[in-house]
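This report refers to the structure that appears directly beneath it.
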Amino acid sequence: MPLNPQLDTLSDYPFESLRTLLNPVTPRVNDAPIAMSVGEPQHQPPALLTETLAAHAHEWNKYPPMQGIPELREAAADWLTMRYGLKPGAVDGERNVLTLAGTKEGLYLLAGLVVPRRKGGGRPVVLVPNPYYLAYNGAATMAGADAVFLDATVENRFMPDLAAIPSSTLERTALFYLCSPANPQGTVASLDYLKQAIGLARRYDFVLAVDECYAEIYDTVKPPGALEACAALGPGANSLFERVVVFHSLSKRSSAAGLRSGFIAGDPELISHFSHLRSYGGCQVPLPIQAAATALWRDEAHVIENRAKYRRKFDIAEAAIAGRFGFYRPDGGFFLWLDVGDGEEAALRLWRDAAIRVLPGGYTARDGGSGVNPGQKYIRLAIVHDDATLEAAFDRIRRVL
Ligand SMILES: Cc1ncc(COP(=O)(O)O)c(C=O)c1O
């Protein structure tokens, strides 16, 4: 069958690799399996979600507008303005925001929009933090760019070292995906770091896409955002958010991963082109879902409650394993990134001897040219279960590792 040859350069999806590793193995213990491998919220979304869906049940027969209903785009704009202390009117729902069917589709489509055939006299580059969320790498590859992996290791506090990117690479860069709070390490980019990244995007004429999906799950300090950094830095030649877009999702903020609802916001010129591209191949979001999303972005009470629950989970983790496996309390997100020496071996042992599934860190990272896969020593644990399940999981982890 004729296929796009770029497909061959994509690695297996991490959960496929995990099934290959663990499925042939039967746990030796009778304990109930605990899946800490998948970053899926386990809390129930607020009742507001189903109530709003029900109130809009008469709208399932209608084709929804591709760009999102004005009410939702406005709710997203208002939320961004409030959350990041922006000047009223700085974010306009119509010019700066587009609705997405979850951020994954938008993150993926973006590379197809902004990667040209050539840039800076060579093949275009997409900068990808390493470890990474797989969509960044997949999008870069399928758009025909060279993905350049920026290792985020304990030495650079798990944020790519911007000063270390050669200018010859920056000249060829069309797009830079950054994730803050980062999946998997939970590191938050500071306002200065974001300003520096925006400065590079404007100087070298590329798009900075900041994935802020975990922005509302944080420990003590609210993670700053890239639009906030634009406001602190001042406008580019044409707009305040020049060359910058952010992605936000209800999947983690409102424990509504199944709703498939997120948005992209930022540079109005880019948003306009993105809207054009999406009219060909984007996913329309059904009207009742857009109504529910509007209500969720306008409600903060459930988000505050959700955050408190995650803090309790990290209290449990800290009490159980502080001082071991390079444990640190992540600034944001809901993962633990533990240095166990050999991630694959530890994942196998945890499954065989404790019936716990975790993701080997090497499956969400790769050797980007340094000779080392920066995730290889690690395992990623999703800290999403109820408190009793987590206590049991950490008891088993302490026993086995
Ligand atoms: C870093 C990161 N970005 C984006 C997504 C996609 O989220 P969604 O498509 O549900 O908005 C995820 C999901 O796990 C993620 O971990």
Side-chain angles (χ1 to χ4, degrees), residues 13-16 18 35-43 45 49 68 72 76 79 97-111 126-140 149-150 152 158-160 175-189 208-218 223 225-226 245-265 278 282-285 289-290 292-293 296-297 303 306 310 330-337 358-359 361 363-365 375 380-384:
Y13 213 71
F15 298 112
E16 196 55 51
L18 189 63
M36 303 179 87
S37 45
V38 189
E40 182 179 71
Q42 302 294 305
H43 305 151
L49 191 160
L72 174 53
W79 178 81
V97 180
L98 281 179
T99 300
L100 299 171
T103 51
K104 188 176 189 180
E105 64 123 338
L107 286 162
Y108 182 84
L109 271 186
L110 181 64
V126 173
L127 301 176
V128 176
N130 193 25
Y132 45 79
Y133 177 55
L134 267 281
Y136 314 152
N137 176 24
F149 295 94
L150 308 175
F158 298 119
M159 268 288 147
L175 172 63
F176 181 4
Y177 287 111
L178 194 62
C179 188
S180 174
N183 172 6
Q185 309 99 319
T187 323
V188 167
L208 176 70
V210 187
D211 181 349
E212 298 179 347
C213 282
Y214 292 93
E216 290 297 77
I217 300 171
Y218 55 83
V245 280
V246 295
F247 288 85
H248 283 274
S249 173
L250 291 172
S251 296
K252 331 295 182 200
R253 175 186 181 270
S254 303
S255 307
L259 195 69
R260 307 311 303 132
S261 185
F263 66 80
I264 178 176
R278 282 194 89 248
C283 299
Q284 281 153 286
V285 179
I289 290 183
Q290 293 200 46
L296 290 174
W297 284 113
V303 184
N306 203 30
Y310 282 112
D331 296 336
F334 53 46
F335 295 109
L336 277 186
W337 185 239
V358 300
L359 190 72
Y363 291 6
T364 187
R380 190 192 77 173
L381 276 64
I383 307 301
V384 291

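When a ligand or atom number is given, it counts from 1 through the structure's own listing order. All heavy atoms count here, side chains included; hydrogens, waters and symmetry mates do not. This is a predicted model, so every value here is computed, not measured.
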Mind checking whether [X] and [Y] have side chains closer than 4.5 Å, heavy atoms only?
{"X": "Pro14", "Y": "Leu359", "result": "yes"}
{"X": "Trp297", "Y": "Phe263", "result": "yes"}
{"X": "Phe176", "Y": "Val126", "result": "no"}
{"X": "Asn306", "Y": "Lys252", "result": "no"}

What is the nearest protein non-hydrogen atom to [atom], stated with its residue, atom name and distance?
{"atom": "atom 9 (O) of ligand 1", "result": "Arg260 NH2, 2.7 Å"}
{"atom": "atom 14 (O) of ligand 1", "result": "Lys252 NZ, 2.8 Å"}
{"atom": "atom 3 (N) of ligand 1", "result": "Asp211 OD2, 2.5 Å"}
{"atom": "atom 8 (P) of ligand 1", "result": "Thr103 OG1, 3.4 Å"}

Do ligand 1 and Tyr214 have nitrogen or oxygen atoms that lie under 3.5 Å from each other?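 Min N/O separation from ligand 1 is below 3.5 Å for Tyr214.
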
Check whether Ser180 reaches the backbone of Ala182 with its side chain - one donor and one acceptor, N or O, closer than 3.5 Å.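 Judged by distance alone, no pair lies under 3.5 Å.
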
What one should report as the nearest heavy-atom pair of Pro330 and Leu336 is CD-CD2, 4.1 Å

Looking only at non-hydrogen atoms, find the nearest pair between Leu100 and Ile264 and report the distance. CD1-N, 3.8 Å

Contacting atoms of ligand 1, where contact means under 4.0 angstrom from a heavy atom of [X]:
{"X": "Cys213", "value": "3 (N), 4 (C)"}
{"X": "Gly102", "value": "9 (O), 11 (O)"}
{"X": "Cys179", "value": "1 (C)"}

Validation: residues 129-140 side-chain donor-acceptor distances under 3.5 Å, sequence neighbours left out:
residue: Asn130; atom: OD1; partner: Arg366; partner atom: N; Å: 3.0
residue: Asn130; atom: ND2; partner: Asp151; partner atom: OD1; Å: 2.8
residue: Asn130; atom: ND2; partner: Arg366; partner atom: O; Å: 2.6
residue: Tyr132; atom: OH; partner: Arg366; partner atom: NE; Å: 3.4
residue: Tyr136; atom: OH; partner: Asp211; partner atom: OD2; Å: 2.7
residue: Asn137; atom: OD1; partner: Thr141; partner atom: OG1; Å: 3.4

If we set the cut-off at 4.0 Å for heavy atoms, which region of Ala257 has an atom near ligand 1: side chain, backbone, both, or neither? neither

The answer for which part of Leu100 has a heavy atom under 4.0 Å from ligand 1 is neither

Heavy atoms only: which of Gly39, Ser251, Ser180 is nearest to atom 10 (O) of ligand 1? Ser251

Tyr177, Tyr133, Phe263: member with heavy atom nearest to atom 6 (C) of ligand 1: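 Closest candidate by heavy-atom distance is Tyr133.
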
Are Gly262 and ligand 1 in contact, using a heavy-atom cut-off of under 4.0 Å? no

Could you go through Arg260 and Glu105, starting from their C-alpha distance and side-chain angles, then the distance that decides it, and tell me whether this counts as salt bridge (charged side-chain N to carboxylate O under 4.0 Å, His left out)? CA-CA 10 Å; Arg260 307 311 303 132; Glu105 64 123 338; over 6 Å; no

